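Along the sequence shown, residues carry numbers from 1. All values derive from a computational prediction rather than experimental measurement.
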Amino acid sequence: SIHYFIGNHDMWMYDYFPKELNIPVYRIPIERNIDSKKFYIAHGDGLGPKDMGYKFIKKIFSNKICKWLFAWLHPDLGTRLAIYLSRKSRVANGLTDEVFLGEKSERLIQYVKDIEKTNHHDYYIFGHRHLPLNMVIDNTNYINLGDWVKNYSYTVWDGEKLELKFFKN
């Protein structure tokens, strides 16, 4: 089945997926027990320490009044504004989404370590970074899905293990 986790490029997604396609949409992390294993699943944006600028912008973008005001913009202006902000973000972040920054600098790894102090999970699955990762961290498994544009990466749970895979044409 398909489950959709809203992230930084689709936070204004409304109810089309759940109503028309019967696909559940999640805006916050979820915990699930599957085949006696405990999973923590989230998009990954805004989690972990620092990145206060993005966390502030995310609060503005998720505000109902801001969404309502944006809906009143002409589509041409709204599209230009979205493209401008997206490009500005890409310039600021460069290629860091595609490079492993080391365990101490990876926000999601720090986030996993913080949760593990009080609440153990067998698997953490995130998708925010455009870097496929499959790591063991402090006796838990951390998977970052990567992307479908350059890496063609995805994850499969076979009932016993979670595996990061790559689609090949």
Honestly curious: do [X] and [Y] fall in one hydrophobic cluster under the side-chain, below-4.5 Å linking rule?
X      : Y      : answer
Tyr142 : Tyr111 : yes
Phe126 : Leu131 : yes
Ile2   : Leu145 : no
Val136 : Leu164 : no
Met135 : Val112 : yes

[atom1]/[X] to [atom2]/[Y] distance, rounded to the nearest 0.5 angstrom?
X      : Y      : atom1 : atom2 : answer
Ile143 : Leu133 : CD1   : CG    : 9.0 Å
Phe39  : Ile30  : CZ    : CD1   : 10.5 Å
His128 : Asp45  : NE2   : CG    : 5.5 Å
Ile34  : Tyr123 : CD1   : OH    : 10.5 Å
Thr155 : Asn134 : OG1   : CG    : 7.5 Å
Ile109 : Glu103 : CD1   : CD    : 5.0 Å

Just checking Phe5 against Tyr26, ring centres under 6.0 Å apart?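 Ring centres of Tyr26 and Phe5 closer than 6.0 Å.
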Describe, in one word, how the ring planes of Trp148 and Phe167 are oriented to each other, choosing from parallel (under 30°), tilted (30 to 60°) and perpendicular (over 60°). tilted
Which word best sums up how the rings of Tyr40 and Tyr124 line up, parallel for under 30°, tilted for 30 to 60°, or perpendicular for over 60°?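 Aromatic pair Tyr40/Tyr124 classed tilted.
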Above 12 or not: heavy atoms from other molecules or residues under 6.0 Å from [atom1] of [X]?
X      : atom1 : value
Leu69  : CG    : yes
Asn139 : CG    : no
Asn22  : CG    : no
Ile65  : CD1   : no

Checking the side chain of [X] only, and the main-chain atoms of [Y] only, is there a donor and an acceptor separated by less than 3.5 Å?
X      : Y      : answer
Ser153 : Asp147 : yes
Asn151 : His130 : yes
Asn144 : Arg129 : yes

What's the shortest heavy-atom distance between [X] and [Y], and which atoms?
X      : Y      : result
Ser105 : Leu101 : CB-O, 3.4 Å
Lys38  : His120 : CD-O, 3.3 Å
His3   : Pro24  : ND1-CG, 3.4 Å
Leu47  : Arg107 : O-CB, 3.9 Å
Pro18  : Val25  : CD-CG2, 3.7 Å
Leu108 : Gly44  : CD2-O, 3.5 Å

His121 and side chain to side chain donor-acceptor pair (under 3.5 Å): which single residue from Lys37, Arg32, Glu31 fits?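 Going through Lys37, Arg32, Glu31 one by one, the side chain to side chain donor-acceptor pair (under 3.5 Å) with His121 is satisfied by Glu31 alone.
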Quick one: do Glu163 and Asp158 satisfy side chain to side chain contact (heavy atoms under 4.5 Å, CB included)? Show the steps, please. CA-CA 8 Å; Glu163 189 175 359; Asp158 68 5; 5.6 Å; no
Any side-chain donor near an acceptor of the partner, Lys161 and Asn141, under 3.5 Å: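 Note: Lys161 and Asn141 side chains miss the donor-acceptor criterion.
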